Visitor: 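This is the structure I have questions about; it appears just below.
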Amino acid sequence: MDIVVAVKQVPDTSEVVDVIKIDASGKDIERGTLVSKINEWDEYALEEALQWKQKLGGTVTAVAAGPGEWDDTLRRALAMGADRAVRVDEDATVIDCSAVARTLAALIRRLPYDLVVFGAQSEDFGSAQLGPMVAEMLGIPHAALVIRLQVEEGEAHVERELEGGTRELYTLRLPALLTIQTGINRPRYVSFASVRKAREKELSVMSLDELGLSPEALTPAVELDRLELVPAGKRAQLLSGSAEEAAAKLAEILRDSGVI
Amino acid sequence: MALTEYKYSDVIHRCFRCGYCKFPTSFVEVNNCPAYARYRLESYSTGGRLWLIRAWLNDELDWSEHLGEIVYSCAACKNCAEQCPLPFSGDIVDMIVAAKGEMVERGSIPSAVKEFLENVDRQGNPYGTARSKRGEWMEGTDIEEYRGQEFLYYVGCVGSYDTRAQQAARALGRVLQKGGVSFGVLGNKENCDGNDVGKLGEAGLFEALAEENVRQFKDLGVRRIVTLSPHAFNAIKNDYPRLDSAFEVLHYTQLLRDLVRARKLDVSSGFNAKLTYHDPCFLGRWNMEYEAPREVLRTIPGVELVEMERHRADALCCGGGGGNFYTDFLGGSEDSPSRIRARDACATGASVVATACPNCLTMLEDAVKAEGLDDRLKVMDISEIVSEACPPKGN
Amino acid sequence: MDSICQSLAEIVGESHVSNRPEELYVYSRDLGTAEPHLPQYVVSPRTTEEVQQVVKLANREKIPVVPLGGGLTLAGLVMPLKGGIVLDMKRMDSILEVNERARYVLVEAGVSQGKLVAYLDRHHPNLVHSEPGAPGQATVAGNVAIHGQGDLAQPYGFNSDMVNGLEVVLPTGEVCRIGSCSLGQQWFTQHPLPDLGLFLGWCGTTGIITKVSLRLFPRKRIRDMGVFVLEDGDLVPDILYRISHTEMAGDLIAWSQELPVTVSGLHNISIFISGDSEEEMELKRKLIRVGILGEYIRSGTGGLIGLSANVRPRLPRRPPVSTIQDIKKGGGFEYVGAIMPVDTYPECCRRGADISARHDIAYTLLGRVIGRSHAMMFSWSYVFNRADEDSVREAREALYESDDLALELGGIPWKPGVYGQRAVMERMDPNTLSLMKKVKELLDPNGIMNPGNWEVS
C-alpha cells in the first residue's frame with residue numbers, strides 16, 4: 001500500500017506564548033528567536049502511515065510545500081521511516097489554503113497513492129481546511145478528524161471524533177484522504193543518530209514550474225489583513241487558607257466560570 | 001539489535017538477582033534502590049531490570065509502555081554498582097543506559113522521556129521553556145556575562161528554569177562575589193550539559209550537545225568551570241571530549257572549600273541550626289566527593305552537622321536522576337524515594353537538610369511538603385546556607 | 001484488568017498488583033535451574049488482613065497462592081507450579097519488638113536477614129540471631145519455613161528450633177497465633193502448649209507465615225575464627241565430634257572446594273568462637289587448639305590458621321557477600337543441601353567430587369554442624385551459565401544425582417525441589433505420608449497453597 005503524508009514545519013510556540021511579538025509588517029510574528037518543529041498533528045499522521053506500512057507493506061512518501069528550512073521536518077519523516085520525501089519549493093508565508101492545496105494536489109497527482117494523510121490542522125494558522133481541499137481537488141473521498149483507522153482490502157474504516165466523546169464510523173473506498181486527529185497513536189521518538197542516518201534517503205525538491213503551476217494560478221483568494229495579540233488579563237486572585245480550603249475555593253471558581 | 005549485538009551481551013546474564021543492589025552497605029533498609037523503594041516489585045530492582053532487558057533483547061518479551069517505564073525508572077544513582085559484588089558491577093548503570101539507547105534507536109520510549117529529549121533538542125532544556133528565558137534567573141542580580149573571567153559559572157537547566165533552584169543559582173552567584181571570585185555566566189547562550197540526556201540513552205544528542213558546548217567554551221577561552229549542579233560537573237568532567245582545549249571543572253562545593261581554606265570567604269555571620277547533609281548521587285557515588293560539602297558546612301559557626309543513617313556512599317537517592325525530576329516515574333507515593341529521604345532527614349532531629357544539587361533541592365522540597373514536615377524541616381542548598389552565613393557588605 | 005485482578009487491586013492497592021508480562025516474567029523465574037512457571041498475578045501485601053483477604057479470594061476462585069520471601073531457596077519452591085498468585089511478602093518488613101530480657105525478636109514475615117542483622121547491631125548490640133549466610137534479602141520467615149540453619153547452628157540447632165511463636169494465615173483465610181502469643185502473652189515460648197508443628201518445614205504448603213518470634217542469643221564482644229586444614233577427609237567427623245564436645249565453639253563448618261586452586265584436594269574446618277574478654281577467648285582457643293587439634297598438628301596431619309591470640313583474622317561480613325555464582329561467569333548457582341549424619345562427611349565429599357567431575361563443574365562441598373554433632377547440613381553446590389542451556393542441564397542433572405546420593409548415604413534432602421520431594425516421599429513411611437496428606441487436606445481443602453510442592457499422591 002502506498003501512502004502519501006503531507007507535513008508542515010511550524011514555529012515552536014508551546015512554551016513561549018508570552019514572548020511572541022508581531023513583526024514590523026503587522027502580518028506575521030517575529031520568527032527570529034523561535035525554533036521550528038514538525039506540526040504536531042502531522043507527527044500523528046506520519047506515525048499512523050508508518051504503522052500501516054509496517055502492517056501491510058508498501059511505501060510512505062512525505063511531502064511538503066515550503067521553503068528550504070522545512071527539509072528538517074522532511075528529514076525527520078525519513079528518520080521515522082518514510083521511504084522518500086518531496087518538497088515543493090514555496091514561500092511558507094502564503095496562508096491561503098487554496099493556493100497551498102493546489103500545489104500539493106499537483107504534486108500528489110504525480111505520485112502513486114492508495115491513501116493520503118494530513119494532520120487535522122496546523123499549530124500556526126489552524127484552519128483545518130487543507131486536507132479536505134486537496135481531497136476535492138484530487139477527486140477522492142475524505143474524512144476529517146480521524147481518531148481511529150483500520151485498513152483492509154481496499155477500504156479504510158475510520159472513527160471520527162465529534163464533541164462530547166461522540167464518534168462517527170465511516171467506511172471509505174481507497175484511494176481516500178484522511179485528516180488525522182492527535183491521540184490516534186503514540187508517535188515514535190526519532191533519535192539524533194537516526195536523523196543523521198536518514199541523510200542517505202531520497203529527498204527531492206521541485207519547483208512550481210516543474211509542477212506546471214504558474215504564480216498566477218496560485219493567486220490567493222484570501223488575504224491576511226493584520227495580526228494582533230490578545231491583551232493580557234489583569235485579574236488575579238490570591239487564594240488563602242490550607243491546601244484543602246484553597247482547593248475547594250478553586251474548584252468553586254472553576255465551576256462558576258464554566259471551565260469544569 | 002539482537003542480544004548478540006548488545007554491548008554487554010557477555011555479562012548481562014551474569015546477574016544472579018541476589019539482591020545486594022537493593023541495600024546500602026549496612027543492610028539497614030532494603031529500599032536503597034530508588035525504583036525498588038517506590039514499587040517494591042522485583043521487576044523494578046536492578047536485578048529484575050537486567051533480567052527483563054535481557055529477555056527483551058532476546059525476543060522473549062515484547063516492548064511495552066510498562067517495560068519502558070521499568071527501564072526508565074532507573075535513576076542512575078549507582079547504589080547497585082556500589083553494592084554488587086561481581087566483577088562487572090561498575091558497568092551496571094551503563095548496561096541499563098545501553099538498553100535505553102536501544103529503545104531510543106527503535107523509537108520506543110515512554111512519552112515523558114520523548115518530551116524531555118525533544119525539549120532539550122529544541123529549546124536546550126527539558127522543560128521546553130524558551131531559550132530566550134534561560135538567563136531570567138539573573139534578573140535583579142549584578143552577575144556578569146562571561147567574557148574571559150577566571151571562572152565560567154555554569155548554571156545548568158534546573159538552576160536556570162526551576163523557580164526554587166533559581167534561588168540557589170542566585171545564592172551561589174552572591175557567594176562567589178563575596179569570595180572575590182572572578183566569574184561570568186553564559187545566560188541565554190548556555191545550553192544543556194546533556195548529562196541526563198546521556199543517561200536516558202540518547203547518545204547522539206548527548207554527543208552533539210557536548211561537542212557544541214566544548215566548542216563554545218573553547219571559543220570563549222574558558223579555562224576553569226564551576227558548576228551549580230553535580231550533573232553538569234559529572235558530564236563535563238568525565239564524558240565531554242576535550243578536543244584540543246584543556247579546562248578544569250569543579251563542583252561549587254569544591255570551590256567553596258578551597259575559598260574557605262584560603263580564608264577568602266568570610267562566613268562569620270554563621271548559621272545556627274542542627275543540619276544534615278544529603279549526598280547527591282552525581283557528586284557522591286559518581287565522583288566520590290563526600291568531603292568538600294561537609295568541610296564547607298563544618299566551617300560555618302553555629303552549624304551542628306548530624307548524619308543520616310544512610311549517608312556518603314550509602315545515601316538514598318532523592319529519585320531525581322535519570323531524568324526522573326521531569327519524567328516523574330518515581331513520584332506519587334509515600335514510598336517515593338524523595339519522601340523516604342525526607343523522613344530520613346527528619347529522623348536525625350535536624351531542622352535543615354542541606355543539598356548540593358538543584359535536582360535534590362527541588363525533589364526534597366516537594367517531598368518535605370508532601371510529608372507535612374515543612375513546619376520542622378527546611379530544605380536548603382549549601383549555596384543558600386553559605387550566603388546567609390556571609391556578613392552583608394558594609395553596614 | 002480482569003475481575004480477579006480488579007479484586008486484588010481493591011485489597012492491596014493498584015500499584016501492588018500486576019498481571020503484566022514484565023512482572024509475570026520476573027516472578028516466573030527461579031534463580032536456580034528450575035524451569036520457569038508463569039503466575040497469573042503478582043501481589044505484594046502490606047498487612048496480615050490483606051493476606052487473609054487474598055487467601056479468601058483464592059479459595060473462592062480456586063486459584064493457587066504461592067508465598068515468596070527472598071526467593072533464595074533456589075530449589076524452585078517459590079515457583080507457581082500450577083499458576084495462580086505469587087504473594088511477595090517483602091513489603092511486610094517491620095521489626096515489631098525486641099524483648100531483651102526474654103531474648104526474642106518479633107518480626108513480620110518479610111523482614112530481610114540483612115535488615116535484622118543491622119537492626120540488632122544498632123539497637124541491641126548484645127543480641128544476635130542465627131544468620132543463615134544467604135544474601136541479605138533472604139527473609140526470616142522463609143528461612144524458618146524451610147527448617148533453615150544459621151551461624152548459631154552448632155550450639156543451638158535449626159533456626160526453626162528457635163521459634164517462640166508464629167502468626168499464620170491458614171489456607172482457608174483464618175489467622176492463627178501459635179505459642180504463648182495465642183493467649184495474648186508475650187511471644188516467648190511455644191511450649192508447653194500442644195505442638196502445632198504444621199507450618200515449619202512445610203515450605204509454604206499449609207499456610208502463610210505472617211509473623212515470627214525468633215529467639216535471640218547472647219552476642220559477645222569479641223569474635224574470632226580459625227581454619228583447620230587437612231588432607232584426610234576421613235578424620236573430619238571425629239574432629240567435629242570432639243570440638244562439639246568442648247561446647248566452646250560457635251559455628252562449625254567443614255568444607256572442601258576445587259577452586260581456588262590453593263584449596264583443591266584439601267578439607268577445611270572453619271571454627272568460630274566468641275567471648276566477652278580476652279581470657280574467655282584464650283580459654284576457648286586453647287581448649288580447641290591445644291586440647292583437640294594439638295595432636296593432629298603435632299603429627300603433621302593438619303595445620304591451623306588462626307585461633308591464636310596474636311592473629312586477627314578477617315571475619316566474613318554478616319550477612320556475607322558472596323560471588324560464588326559468577327565462577328562460570330554465568331550468573332547461575334544452585335545446591336542440594338541435605339541433613340546428613342556427620343559421619344557421612346567423607347563419603348559425601350568423595351561421591352560429591354565425582355558427580356561434579358562428571359558434569360564438568362568444580363566441586364564445592366560444605367557441611368555445617370547442627371547441634372552437638374547431631375547432624376550436619378551438607379551441601380553439594382553447582383554453578384552454571386544461565387545463558388548456556390547445556391550448562392543448565394548439567395547442573396540440573398548433578399542436582400538430581402545429589403538428591404539421590406543424600407538419601408543413599410542415609411540423609412534427607414533439605415528444602416528439595418519437586419524431584420527431591422518425590423524421592424523423599426517414595427521412601428517415607430506410608431502411615432507418615434498418609435498423615436501428611438491428612439494434615440494438608442485438613443488445612444487446605446481446596447488445595448490452593450503452593451500446589452505441586454510436597455504433594456502426596
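Everything numeric in this text was worked out from a predicted model, so none of it was measured. Side chains are part of it too, since the values below use all heavy atoms of this structure and drop only hydrogens, waters and symmetry mates.
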Visitor: Does atom CG (B:Asp219) have a neighbourhood of more than 12 heavy atoms from anything else shown, all under 6.0 Å?
Guide: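 Yes - once you tally the heavy atoms of other residues, nucleotides and ligands closer than 6.0 Å, there are more than 12.
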Visitor: Roughly how far apart are A:Tyr189 OH and B:Met103 CE, rounded to 0.5 Å?
Guide: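 So the OH of A:Tyr189 and the CE of B:Met103 are separated by 14.5 Å.
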Visitor: I'd like to know whether CZ of A:Arg148 has more than 12 heavy-atom contacts from other residues, nucleotides or ligands below 6.0 angstrom.
Guide: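 At most 12 heavy atoms, drawn from other residues, nucleotides or ligands, come within 6.0 Å of this atom.
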Visitor: Is it true that atom NZ of A:Lys21 has more than 12 heavy atoms of other residues, nucleotides or ligands lying nearer than 6.0 Å?
Guide: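 Not more than 12 within 6.0 Å, no.
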Visitor: Just so I understand: if I count every heavy-atom pair under 4.5 Å between each of B:Gly101, B:Ser111, B:Ser108 and chain A, which residue has the most?
Guide: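 Highest number of pairs under 4.5 Å: B:Ser111.
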Visitor: Closest heavy-atom contact between B:Asp121 and A:Phe192?
Guide: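 Here B:Asp121 and A:Phe192 meet closest at OD1-CE1, 4.1 Å.
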Visitor: Between B:Glu105 and A:Ser191, which heavy-atom pair has the shortest distance, and what is it?
Guide: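 Closest approach of B:Glu105 to A:Ser191, heavy atoms only: OE1-OG, 2.8 Å.
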Visitor: Looking at B:Lys114 and A:Glu47, does any basic side-chain N land under 4.0 Å from a carboxylate oxygen?
Guide: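 The answer is no: the pair does not qualify as a salt bridge.
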Visitor: Atom CG of A:Leu34 and atom CD of B:Gln123: how far apart are they, to the nearest 0.5 Å?
Guide: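 Those atoms lie 8.0 Å apart.
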Visitor: Taking atom NZ as the centre, does A:Lys201 end up with more than 12 heavy-atom neighbours from other residues, nucleotides or ligands that are less than 6.0 angstrom away?
Guide: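 Counting neighbours around NZ of A:Lys201, more than 12 heavy atoms of other residues, nucleotides or ligands fall under 6.0 Å, so yes.
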Visitor: How about NZ on A:Lys197, more than 12 heavy atoms from neighbouring residues, nucleotides or ligands closer than 6.0 Å, or not?
Guide: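 Open.
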Visitor: To the nearest 0.5 angstrom, please state how far the CD atom of B:Glu65 sits from the CZ atom of A:Arg186.
Guide: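 It comes to 3.5 Å.
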